[in-house]
Amino acid sequence: MTEAAPAPSKAGESGRSLSDQLREIEFDPRMIGMVAALAAIWLGFNWLSDGAFLSSRNLWNLLVQTSSIAVMACGMVLVIVTRNIDLSVGSMLGFVGMVVGLIQVRLLPELWGFEHPLTWLVSLLAAIALGSAIGLFQGALIAWLAIPSFIVTLGGLLVWRGAAWWVTQGQTIAPMDSRFRPLGGGVEGAIGTTASWVIGLAICALICVAMVFARRRRVRFRFSLRPLWAEIVMAVLACGVVIATVMIANSYALPVGIARRVTEAKGLPWPPGGLFIGHGLAVPVLIALAVGVAITFLTTRLRFGRYVFAIGGNPEAAQLSGVNTRKVVMLVYGLMGALVGISACIATARLDAATNSAGALDELYVIAAAVIGGTSLAGGVGTIAGAMLGALVMQSLQSGMVLIGVDTPLQNIVVGFVLVVAVWLDGLYRKRLG
Amino acid sequence: MDMTTPLVEMRDISIAFGGIKAVDAVSVDLKAGEVVGLLGHNGAGKSTLIKILSGAYQADSGEIRVGGELVSIGSPRDAKRHGIETIYQTLALADNVDAAANIFLGRELLTPWHTLDDSTMEAETRKVMGRLNPHFRRFKEPVKALSGGQRQSVAIARAIYFNARVLIMDEPTAALGPAETKQVAELILELKRQGIGIFLISHDLHDVFDLADRVSVMKNGRVVGTARTSDVTQDEVLGMIISGKCPTGAVPGPGALRD
């Protein structure tokens, strides 16, 4: 058993770089850098805004605002990893959003009447189906006809924005179905404090179980292990973030009028001194988290994800190894489209209206989120968690600047500047540690 | 051994790219436990020919028989199904993933839940790499971080792990130093003893002559001639490569220079 090296000697250890050792225990130092950057942004804005930034209200809204971009960023990582790009996601979001609005405001009410209990579900599924279809179509052009993805999706950017206008000749559609609106957050989209605790604790339990299983597997194969203290610190940190998120969401109080209505709806008396009812986690945030977990699973645990990365690393090698690279690329675009469908629902529900300008410039924010999150435009490198953190960084900058009253043009300048600097720093880092 | 059915027979294979005949009516064959050297200048059509056998290209005409049976090889997957494994000159490794992911690329081991069984794949990789390169330790790193020899080991491991019957090695020692070249030579002899048929492609005569049982020389997409290495001298083979002149010890092919 020469291949088993459970405890490499100290002498062997010192000969390797720090990043080797970190990688050996499956620990990504880049992630720490991103979290540090996010912490700096948050503390900075908190100081500049006299504590308004880190209020539960602002953080709750920040997460809700991030959801739509974060969902699409997950798909964009896969697109960019395969050495492609998708410039059409913002326009697709606009088009799919308009169709969703049309379905639930004009089409379904005619068939089933207003406020049918299934309207929201049909709308959501239709959005995912339409998004996937558009994505697969664009993917087919890229994979089978070998048209550069930049061109196909640049065409898509124009086509789908035009199509979004065409759906209703530019008319805005509103309001949305009341069971659909929770997808966008808001008071209706907050799941309440008890449910938030249940979900939060369940996530913590899952994190711990997953870590125990991963460790057991490594023990079974005698691979090198993280020190136990590091494992425990990781578990405590991860669960701490989850619990803190739940506590913040729960400490953001419902407006008094709504709290009163909720209380009275339960048949309870409204106390004279008022009552504190927390929002709890928001539905779009939970959707984004679920998408993030699902796509992470897809990229790291399934064959499809392995192929996506192999194609990004060396398309010819993947093909010679028997991977159907065209099919994989087409499916990646299909998945991107499905996620755009979900984001279209989040955005439409949040606005409570479908407008043909929804999602304008989203493609740039989505690509920026993926790239800030460490996805390499050269292909082959990127993580879902990084992209979601990247989306959070972008949104934090933007809403922080709104909070301290920076003008819109200056906001754009700062965001553009940060994007360029972040990618430059990442490149420096890779050269030094990679 | 000459009496047995050839393991692989390629007959009258032709392929053209934009009017240029890269491979023109080429016939070669390979028997079990035999090493056949495929020689010729750069651009003689060697790599194109073996890419037809490995499924990367489809021939315009001609037929391929494996174990006497006519087969159609439309993709790399088909070739692998017939037990034909290839080590490409470029190694064809995905640089951004680790050794295990490369070795099992396209043939991943899965758990009962259809997820990647990374642990088993890594354990198997440790076994096969332990055979090829006992000092190899960098299992967690993307292969771009590895040395030329280590990358070569990964490419070889990928070819031999799946019990190949036919192994195609395209310039297997181009990126290697003398010690590693010797290691590859020993490996070839070991595989030959196991009854695997090996096509050895090289533009360097000396690499091939000691290892091969027979050589086929190509020039301008055509076979100059085929000879047992015991029947010809190195100088004569060199003459075949350079001028296309077929010596008396060799069986002339369609590409032989005619007087």
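Naming: A, B, ... by sequence-line order, numbering from 1 per chain.
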All heavy atoms of B:Leu116 vs all of A:Thr300, minimum pair found to be CD1-O, 3.8 Å

Counting heavy-atom pairs under 4.5 angstrom with chain A, the leader among B:Leu93, B:Asp117, B:Thr111, B:Asn102 is B:Leu93

Under 4.5 Å from any heavy atom of chain A - which part of B:Tyr88:
side chain

Need one label for B:Leu91: side chain, backbone, both or neither, based on atoms under 4.5 Å from any heavy atom in chain A.
neither

State, yes or no, whether a side-chain contact exists between A:Ser321 and B:Arg158 at a heavy-atom distance under 4.5 Å.
yes

Max heavy-atom pairs within cutoff under 4.5 Å with chain B, candidates A:Leu320, A:Val323, A:Asn314, A:Ile311, goes to A:Leu320

Where is the tightest heavy-atom contact between B:Ala94 and A:Ala317, given as atom of each residue plus distance?
N-CB, 4.1 Å

Does B:Glu69 CD have over 12 foreign heavy atoms under 6.0 Å away?
no

Does atom CZ (A:Arg215) have a neighbourhood of more than 12 heavy atoms from anything else shown, all under 6.0 Å?
yes

Please check if atom NZ in A:Lys327 has more than 12 non-hydrogen atoms from other residues, nucleotides or ligands closer than 6.0 Å.
no

Heavy-atom distance under 4.5 Å to chain A: side chain of B:Ser119, backbone, both or neither?
both

Just wondering, more than 12 heavy atoms not from B:Phe162 lying within 6.0 Å of its CZ?
yes

How about CG on A:Leu145, more than 12 heavy atoms from neighbouring residues, nucleotides or ligands closer than 6.0 Å, or not?
yes

Side chain to side chain contact (heavy atoms under 4.5 Å, CB included), that's the test. Do B:Glu108 and A:Tyr307 meet it? Break it down for me.
CA-CA 10 Å; B:Glu108 287 77 6; A:Tyr307 292 169; 3.0 Å; yes

Among the listed options A:Ala318, A:Pro315, A:Gly322, the residue most often paired with chain B at heavy-atom distances under 4.5 Å
A:Gly322

Short N-O contact, A:Arg220 and B:Glu122, less than 4.0 angstrom
no

Pick from B:Asp95, B:Val97, B:Thr120 with the largest number of heavy-atom pairs that fall under 4.5 Å of chain A
B:Thr120

Need one label for B:Leu105: side chain, backbone, both or neither, based on atoms under 4.5 Å from any heavy atom in chain A.
both

Do A:Arg301 and B:Asp118 meet the salt-bridge criterion of a basic N to acidic O distance under 4.0 Å?
yes

Rounded to the nearest 0.5 Å, what's the gap from CG on A:Leu298 to OG1 on B:Thr115? Could you check?
12.0 Å

